[in-house]
Amino acid sequence: MQIGIVGLPNSTKTTIFNALTHSQEITAVTSSGKIEVHTAIVDVPDIRVDELSKLFKPEKTTYARVQYNDVAGLKIGSGRDGSLSGELLNIISQSDALLHVVRAFEDDRIPHPEGNVDAVRDLSALDFEFLISDLQIVERRLDRLTHDLDRKGTYPERSVDQAEHDVLIKIKEGLEEETPIRRLEFSPAEEKITRGFQFLTAKPALVALNVGDEGSDNPADFPIDQGRSDVVCLHGALEMEIAQLDKDDAELFMAEYGITEPGLNRMIRLNYELLGLQSFFTVGEDEVRAWTIPQGATAVEAAGAIHSDLARGFIRAEVVSYQDLIDAGSLGEVKKLGKTRLEGKDYIVQDGDILNIRFNI
Ligand SMILES: Nc1nc2c(ncn2[C@@H]2O[C@H](COP(=O)(O)OP(=O)(O)O)[C@@H](O)[C@H]2O)c(=O)[nH]1
Ligand SMILES: [Mg+2]
């Protein structure tokens with residue numbers, strides 16, 4: 001699962017990327033303008049994994065992971081002119097979700113491509129570019145489909161083309177009213193048709209407002225349409241500094257600034273949820289591990305996330321809820337309390353379930 005970091009030049013994308021990845025890519029007042037992608041795999045912070053790890057003291061602790069791509073070289077202003085390059089759009093369209101970084105702090109040393117700081121304007125400018133890009137794709141495809149439907153009479157794929165045509169009209173009407181595709185409602189059949197297009201405004205998107213050192217932590221303080229985007233506030237430069245300290249120093253630093261949890265951790269978790277993902281855990285003395293499955297996945301799908309053999313030979317899943325295990329203090333104790341369940345293939349795994357797959361191959 002990949003998250004593309006997008007935003008205007010100097011919106012502090014690379015700063016956020018560095019904070020995420022504990023790395024030190026170059027942040028710069030003037031970027032080269034060349035299209036470059038930096039990629040990193042990031043652990044999804046999860047206090048439940050920390051607690052389980054304390055309980056089992058395993059040799060290895062493994063968090064869920066997501067990939068972030070810092071996409072540099074976005075050379076647009078707020079011109080609303082559909083000027084994103086094809087190469088860039090192509091890179092962005094391969095992401096499963098977007099992290100839209102917006103600058104919301106003043107600093108005279110850092111030039112803004114539009115001359116002044118206006119987070120709401122910048123956000124809608126880039127949203128608009130994505131909308132235009134989707135609209136162009138829709139119109140091009142519609143031209144083709146209309147052409148075929150008008151001229152070809154009866155032909156084998158006519159009903160398929162007609163269905164695609166109808167969905168695209170619906171999307172076109174939405175986009176023309178500046179509604180991103182993710183806010184439109186589709187039947188499962190329609191959904192399936194749209195998927196192949198990799199539309200930019202169909203991707204789940206999270207807005208990261210970099211509020212600088214002093215800015216508010218409350219997204220409600222910014223006049224952003226909360227229905228349209230999920231928003232988190234970050235102190236970009238501080239987060240990057242914290243990420244580059246070792247654990248003890250980071251804790252001291254955070255205490256000094258009155259930070260209980262880096263906003264970044266919250267942001268990563270939100271991204272994970274926005275991707276429609278959740279975690280289940282496996283526990284033991286060798287490893288405590290978070291595994292990633294889509295929300296709504298079944299026990300046999302969860303088994304398959306661990307290994308295809310476990311799905312193939314699946315018999316039953318022993319399930320304990322995270323909270324029951326923590327309350328009981330050990331697997332033995334939780335069993336005595338009768339809180340271990342045996343579930344079949346179709347059991348819908350809940351976020352935070354601890355699974356032990358019984359299988360036979
Ligand atoms: N004052 C201040 N400057 C920041 C903050 N976060 C990032 N910057 C600076 O903003 C500039 C642009 O950041 P960068 O991450 O390179 O932006 P990008 O072009 O979107 O990748 C750099 O000089 C950063 O050091 C912040 O929270 N406060
Ligand atoms: Mg950059």
Side-chain angles (χ1 to χ4, degrees), residues 2-40 42 67-78 83-85 87-88 91-92 95 98-127 129-130 205-219 221-222 231-245 250 253-254 256-259 261-268 271:
Q2 298 192 20
I3 298 162
I5 304 178
V6 296
L8 298 185
N10 274 354
S11 59
T12 74
K13 299 179 295 296
T14 302
T15 305
I16 304 295
F17 177 81
N18 286 348
L20 276 166
T21 59
H22 304 257
S23 62
Q24 306 195 6
E25 294 298 342
I26 296 161
T27 58
V29 170
T30 47
S31 54
S32 65
K34 206 169 77 206
I35 295 177
E36 268 177 67
V37 185
H38 298 285
T39 287
V42 174
Q67 180 174 326
Y68 282 90
N69 302 327
D70 176 14
V71 186
L74 211 55
K75 256 202 300 191
I76 65 156
S78 312
S83 61
L84 287 184
S85 80
E87 185 189 0
L88 195 71
I91 295 170
I92 301 173
S95 309
L98 302 177
L99 178 66
H100 190 156
V101 178
V102 183
R103 172 177 169 188
F105 64 88
E106 299 283 348
D107 186 336
D108 294 340
R109 291 165 303 176
I110 300 157
H112 189 290
E114 292 302 304
N116 67 322
V117 175
D118 182 340
V120 177
R121 172 201 62 203
D122 293 351
L123 178 61
S124 74
L126 197 53
D127 274 351
E129 294 289 339
F130 291 164
L206 183 63
V207 176
L209 282 180
N210 185 349
V211 299
D213 288 0
E214 315 270 300
S216 162
D217 279 316
N218 184 2
D221 291 338
F222 299 86
V231 185
V232 283
C233 292
L234 293 176
H235 306 283
L238 287 181
E239 300 273 357
M240 183 167 132
E241 262 181 78
I242 294 170
Q244 270 148 23
L245 298 172
F253 188 97
M254 279 162 55
E256 198 174 309
Y257 279 86
I259 305 170
E261 188 197 22
L264 206 66
N265 290 9
R266 217 163 1 102
M267 187 195 82
I268 301 169
N271 263 161

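First listed ligand is number 1; within each ligand, the first listed atom is number 1. FYI, side chains are in, hydrogens and waters are out, and symmetry mates aren't considered; it's all heavy atoms of this structure.
When Asp108, Thr14, Thr12 are checked for heavy-atom proximity to atom 21 (O) of ligand 1, Thr14 turns out nearest.
Checked by atom type and distance alone, the side chain of Lys13 never pairs as donor or acceptor with a backbone atom of Ile5 at under 3.5 Å. Within the 3.5 Å criterion, the main-chain N or O of Gly212 finds a donor-acceptor partner in the side chain of His235. Checked by atom type and distance alone, the side chain of Asp122 never pairs as donor or acceptor with a backbone atom of Arg103 at under 3.5 Å. When atom types are taken as modelled, the side chain of His100 and the backbone of Val6 share no donor-acceptor pair closer than 3.5 angstrom. Panel note: side chain Asn210, backbone Gly236; a donor-acceptor pair is recorded below 3.5 Å.
Near Leu8, meaning under 4.0 Å from any of its heavy atoms, are these atoms of ligand 1: 20 (O). Less than 4.0 angstrom separates some heavy atom of Thr15 from each of these atoms of ligand 1: 6 (N), 7 (C), 13 (O), 14 (P), 15 (O), 24 (C). Every atom of ligand 1 is numbered from 1 in the order shown, and the set under 4.0 Å from a heavy atom of Gly236 is 27 (O).
The distance criterion of under 3.5 Å between nitrogen or oxygen atoms is not met by Arg109 with respect to ligand 1. When only interatomic distances are considered, the shortest N/O to N/O separation between His235 and ligand 1 does not fall below 3.5 Å. Here's the thing with Phe105: none of its N/O atoms is less than 3.5 angstrom from an N/O atom of ligand 1.
How far CG of Asn265 is from CD of Glu239: 7.5 Å, rounded to the nearest 0.5 Å.
Around the CD atom of Glu214, the shell of radius 6.0 Å holds no more than 12 heavy atoms that belong to other residues, nucleotides or ligands.
Residues that satisfy the salt bridge (charged side-chain N to carboxylate O under 4.0 Å, His left out) test with Asp107, not counting sequence neighbours, are Arg109.
Counting backbone and side-chain atoms alike, Thr14 contributes an N/O/S atom closer than 2.8 Å to the Mg ion (ligand 2).
Not a single heavy atom of Val101 sits less than 4.0 Å from an atom of ligand 1. Heavy-atom separations between Gly212 and ligand 1 include at least one value shorter than 4.0 Å.
Proximity of Ile110 to ligand 1, defined as any heavy-atom pair under 4.0 Å, is confined to the side chain (atoms from C-beta onward).
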